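Beneath this line is the structure, given in structure tokens, with notes to follow.
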Amino acid sequence: MAEAPRNALVIEDNTGGGRPTAEALRESKVRCSVIVVADGAEALALLRREDRYSESKRPGIVFLDLDLPKRNGLEVLAEIKRDPNLQRIPVVVLSASDTEEDARRSYSLHANCYITKPADRGEFIRAVKSAYEFWLATARLPADISQGA
Amino acid sequence: MISEATGRAVEILLVEDNPGDVRLTREALKEGKVLNNLTVAGDGAEALAILRRGLDDGSRCPDLILLDLNLPKMDGREVLEEIKGDEQLRRIPVVVLTTSSAEEDILRSYNLHANCYVTKPVDLEQFMKVVLSIEDFWLTVVRLPPAAERAA
């Protein structure tokens, strides 16, 4: 079984106070480094290892919160999944929204999965942990992604 | 949770030509937490026919697809490409479930937008466990997309 990657990229904003997904990942005790960025442009720069991110390790999984302040989470998703160098990285889309429309659009843009954020904190932590463990322990990933090259 | 609003069973399409694996998968899914209904296609062409019928005649498209890669008539890789290239079908999560652990297959599947890639364990018990992990994650944690249908 492939080794779990070392880095998880969380794209979420903190204007609501705190970073729920990043914190949930840390609290779940999965063994990875959690990198948080607050907007899509930063996320893409990091994923493409541009500028100050040129030495960064590629994340093995991306958690993308649709509820970004600029409401452009779906554009960020589209851009990752359009890029031949990035599209193989699993992207877990999270949203407080339970609308069919957001789910449909996320999947159509090739989100690897869509999770409606549970209101209960314990359930939220379990959901985030399940997603991490599914791609990093149950599933196989391409070698460069799983090794965080 | 049975399913989204309606309480109906989750529809799963298994694309698999090995009868033993079909039997095992069916058994494992029966033990899952969420009510599900399994349809089996024995080759890629049959799978696509089922999917297209689901779109065109209003019978339901599956909510989740488990896809073997090495299939007669139409290879799983082609099926994956067709599904993810179709505007309506692409939303359906595809779990590639195959004996292959070749890097080439893993890479190609993700590049073709497979939602995930799972290698089938040889061991019976492990196989059941893996199918249950898939059921557990995709049917209880994930929000599945609304059923695919032809735009009016």
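Worth saying up front: this structure is predicted, and the values here are computed from it rather than measured. Letters go in sequence order (proteins before strands), and every chain restarts at 1.
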Toward chain B, the part of A:Ala131 with a non-hydrogen atom under 4.5 Å:
both
Can you say whether A:Thr99 sits under 4.5 Å from chain B via the side chain, the backbone, both, or neither, judging by heavy atoms?
backbone
Backbone N or O of A:Ala143 within a donor-acceptor pair of the B:Glu103 side chain at under 3.5 Å?
yes
Look at the side chain of A:Arg140 and the backbone N and O of B:Thr119, then say whether any donor-acceptor pair between them is shorter than 3.5 Å.
no
Out of curiosity, does [Y] fall in the hydrophobic cluster containing [X] (side-chain heavy atoms, cut-off under 4.5 Å, transitive links)?
{"X": "A:Ile125", "Y": "A:Phe63", "value": "no"}
{"X": "B:Val131", "Y": "B:Leu124", "value": "yes"}
{"X": "B:Val22", "Y": "B:Phe127", "value": "yes"}
{"X": "B:Leu132", "Y": "B:Leu29", "value": "no"}

Write down the atom of [X], the atom of [Y], and the distance for their closest heavy-atom approach.
{"X": "B:His113", "Y": "A:Lys81", "value": "CE1-O, 3.3 Å"}
{"X": "B:Arg90", "Y": "A:Ser108", "value": "CD-O, 3.1 Å"}
{"X": "B:Val118", "Y": "A:Thr138", "value": "CG1-O, 4.1 Å"}

Start with the C-alpha distance between A:Tyr107 and B:Asn115, add both sets of side-chain angles, then the distance that settles side chain to side chain contact (heavy atoms under 4.5 Å, CB included), and finish with yes or no.
CA-CA 9 Å; A:Tyr107 282 107; B:Asn115 296 69; 4.2 Å; yes
Heavy-atom distances under 4.5 Å only: say whether [X] touches chain A with side chain, backbone, both or neither.
{"X": "B:Leu112", "answer": "neither"}
{"X": "B:Ser109", "answer": "neither"}
{"X": "B:Ala114", "answer": "backbone"}
{"X": "B:Lys84", "answer": "both"}

Hey, are the side chains of [X] and [Y] touching, using non-hydrogen atoms and a 4.5 Å cut-off?
{"X": "A:Phe134", "Y": "B:Asp136", "result": "no"}
{"X": "B:Arg143", "Y": "A:Lys117", "result": "no"}
{"X": "B:Tyr117", "Y": "A:Pro142", "result": "no"}

Between B:Phe137 and A:Trp135, is the ring centroid distance below 6.0 Å?
yes
Would B:Ile106 and A:Leu141 count as a side chain to side chain contact (heavy atoms under 4.5 Å, CB included) here? Give the steps.
CA-CA 7 Å; B:Ile106 298 171; A:Leu141 288 172; 5.6 Å; no
Could you check whether atom CD of A:Glu101 has more than 12 heavy atoms from other residues, nucleotides or ligands sitting under 6.0 Å from it?
yes
Value for CZ (A:Arg88) from CG (B:Leu107), rounded to nearest 0.5 Å, stands at 6.0 Å
